[in-house]
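All values reported here derive from a predicted model rather than from experimental measurement. Numbering of residues begins at 1 and proceeds along the displayed sequence. Reckoned from all heavy atoms, side chains included, excluding hydrogens, waters and symmetry mates.
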Amino acid sequence: RWLYGKQICLFYAFCGVLFGICSLSTLTLLSTVCCLKICFPAYGKLMRKHGQILIACAWTYAAIFACSPLAHWGEYGAEPYGTACCIDWRSTNENTVAMSYTVVLFVFCFILPCGVIVTSYSLILVTVKESRKAVEQH
């Protein structure tokens, strides 16, 4: 069971969601930047300021979803085995507000980032293949 009380459970779950979403958001942004630099070099000019803005956006995006259960859109609680804390997945069966949070989280923090990453790297592969063919022809 969780040994450290409700407040530490909330903090632990908040940190897990915050850092997890921020990590995936950062990977999504990196794949997009790589795609722009390789596939669309005219638009791929990034300066330090742009990087700082993108990092701030990733943290803000993650913070919005991590703070939502603290504002009672979704819930944090013990995991099904009770040894750690995260999003309370069981509450989605009973509470439509928690269900809406889970659906939005799934779409915007899993499906969308994964789709962008797959698309970015697919475009990079296509560009590299086309470049290779062009080099072989010359």
Side-chain angles (χ1 to χ4, degrees):
R1 69 182 177 83
W2 181 256
L3 300 174
Y4 305 107
K6 183 148 177 78
Q7 295 303 318
I8 301 297
C9 178
L10 288 175
F11 180 72
Y12 181 88
F14 171 82
C15 288
V17 171
L18 177 70
F19 297 137
I21 294 172
C22 189
S23 177
L24 187 56
S25 299
T26 303
L27 289 172
T28 304
L29 290 171
L30 283 171
S31 72
T32 305
V33 168
C34 287
C35 182
L36 284 173
K37 289 199 144 298
I38 293 169
C39 302
F40 310 100
Y43 301 106
K45 296 178 183 174
L46 278 131
M47 304 172 94
R48 181 182 195 98
K49 185 177 182 180
H50 296 126
Q52 292 169 341
I53 291 169
L54 290 174
I55 290 169
C57 288
W59 279 98
T60 303
Y61 190 78
I64 288 168
F65 286 101
C67 289
S68 295
L70 300 176
H72 305 292
W73 182 39
E75 294 178 32
Y76 288 136
E79 288 183 339
Y81 294 111
T83 57
C85 293
C86 68
I87 295 166
D88 187 357
W89 304 110
R90 286 183 240 159
S91 67
T92 61
N93 297 331
E94 304 154 6
N95 185 346
T96 56
V97 174
M99 171 70 92
S100 70
Y101 173 72
T102 303
V103 169
V104 169
L105 190 70
F106 180 69
V107 171
F108 289 97
C109 297
F110 181 70
I111 297 294
L112 182 66
C114 289
V116 169
I117 290 169
V118 168
T119 302
S120 295
Y121 285 116
S122 296
L123 286 171
I124 290 170
L125 284 173
V126 167
T127 302
V128 168
K129 270 187 169 180
E130 289 173 356
S131 296
R132 183 176 168 212
K133 284 181 183 177
V135 168
E136 285 175 357
Q137 287 177 354
H138 285 97

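Distance check: Leu3 CG to Cys9 SG gives 11.0 Å after rounding to the nearest 0.5 Å. One finds the CD1 atom of Ile111 at 11.0 Å from the CG atom of Leu105 (value rounded to the nearest 0.5 Å). In this structure, Ile64 CD1 and Leu18 CG are separated by 11.5 Å, a value rounded to the nearest 0.5 Å.
Phe110 meets the ring pair (Phe, Tyr, Trp, His ring centres under 6.0 Å) test with Phe106; sequence neighbours excluded. Contacts of His50 classified as side chain to side chain contact (heavy atoms under 4.5 Å, CB included), with partners at least two apart in sequence or in another chain: Leu46, Met47. Shown here are the disulfide bond (SG atoms under 2.5 Å apart) partners of Cys109, two or more places apart in sequence or in another chain: there are none. For Tyr12, the ring pair (Phe, Tyr, Trp, His ring centres under 6.0 Å) partners at least two apart in sequence or on another chain are Trp2.
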Taking only distance into account, with no hydrogens and no angle test, what donor-acceptor pairs under 3.5 Å do side-chain atoms of residues 52-61 form with protein atoms, sequence neighbours excluded?
from: Thr60; atom 1: OG1; to: Ala56; atom 2: O; distance (Å): 2.8
from: Tyr61; atom 1: OH; to: Phe108; atom 2: O; distance (Å): 2.5

Would you be so kind as to tabulate the donor-acceptor pairs closer than 3.5 Å made by side chains of residues 118-128, with sequence neighbours excluded?
from: Thr119; atom 1: OG1; to: Gly115; atom 2: O; distance (Å): 2.7
from: Ser120; atom 1: OG; to: Val116; atom 2: O; distance (Å): 2.9
from: Ser122; atom 1: OG; to: Val118; atom 2: O; distance (Å): 2.7
from: Thr127; atom 1: OG1; to: Leu123; atom 2: O; distance (Å): 2.8

Only distances under 3.5 Å count here; give the side-chain donor-acceptor pairs of residues 73-81 to other protein atoms, sequence neighbours excluded, each with its distance to 0.1 Å.
from: Trp73; atom 1: NE1; to: Val97; atom 2: O; distance (Å): 3.4
from: Trp73; atom 1: NE1; to: Ser100; atom 2: OG; distance (Å): 2.8
from: Tyr76; atom 1: OH; to: Ala66; atom 2: O; distance (Å): 2.6

Without placing hydrogens or testing angles, list every side-chain donor-acceptor pair under 3.5 Å for residues 23-33, not counting sequence neighbours.
from: Ser25; atom 1: OG; to: Ile21; atom 2: O; distance (Å): 2.8
from: Thr26; atom 1: OG1; to: Cys22; atom 2: O; distance (Å): 2.8
from: Thr28; atom 1: OG1; to: Leu24; atom 2: O; distance (Å): 2.7
from: Ser31; atom 1: OG; to: Thr28; atom 2: O; distance (Å): 2.8
from: Thr32; atom 1: OG1; to: Thr28; atom 2: O; distance (Å): 2.8

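Ile87 and Val107 end up in the same hydrophobic cluster when Ile, Leu, Val, Met, Phe, Trp and Tyr side chains are linked at under 4.5 Å. Two different hydrophobic clusters hold Ile38 and Leu36 under the rule that ILVMFWY side chains link at heavy-atom gaps under 4.5 Å. Placement of Val17 and Trp89 within a single hydrophobic cluster is found when ILVMFWY residues are connected by side-chain heavy-atom separations under 4.5 Å, directly or transitively.
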Given the rule in the side-chain contact (heavy atoms from CB on, under 4.5 Å) test, do Tyr101 and Thr92 qualify, once you have shown the distances and angles that lead to the verdict? CA-CA 9 Å; Tyr101 173 72; Thr92 61; over 6 Å; no
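Each salt bridge (charged side-chain N to carboxylate O under 4.0 Å, His left out) pair with one or both residues in residues 107-132, not counting sequence neighbours, appears once here: Arg132-Glu136.
Taking the side chain as every heavy atom from C-beta outward, Cys85 and Phe11 never approach each other to under 4.5 Å.
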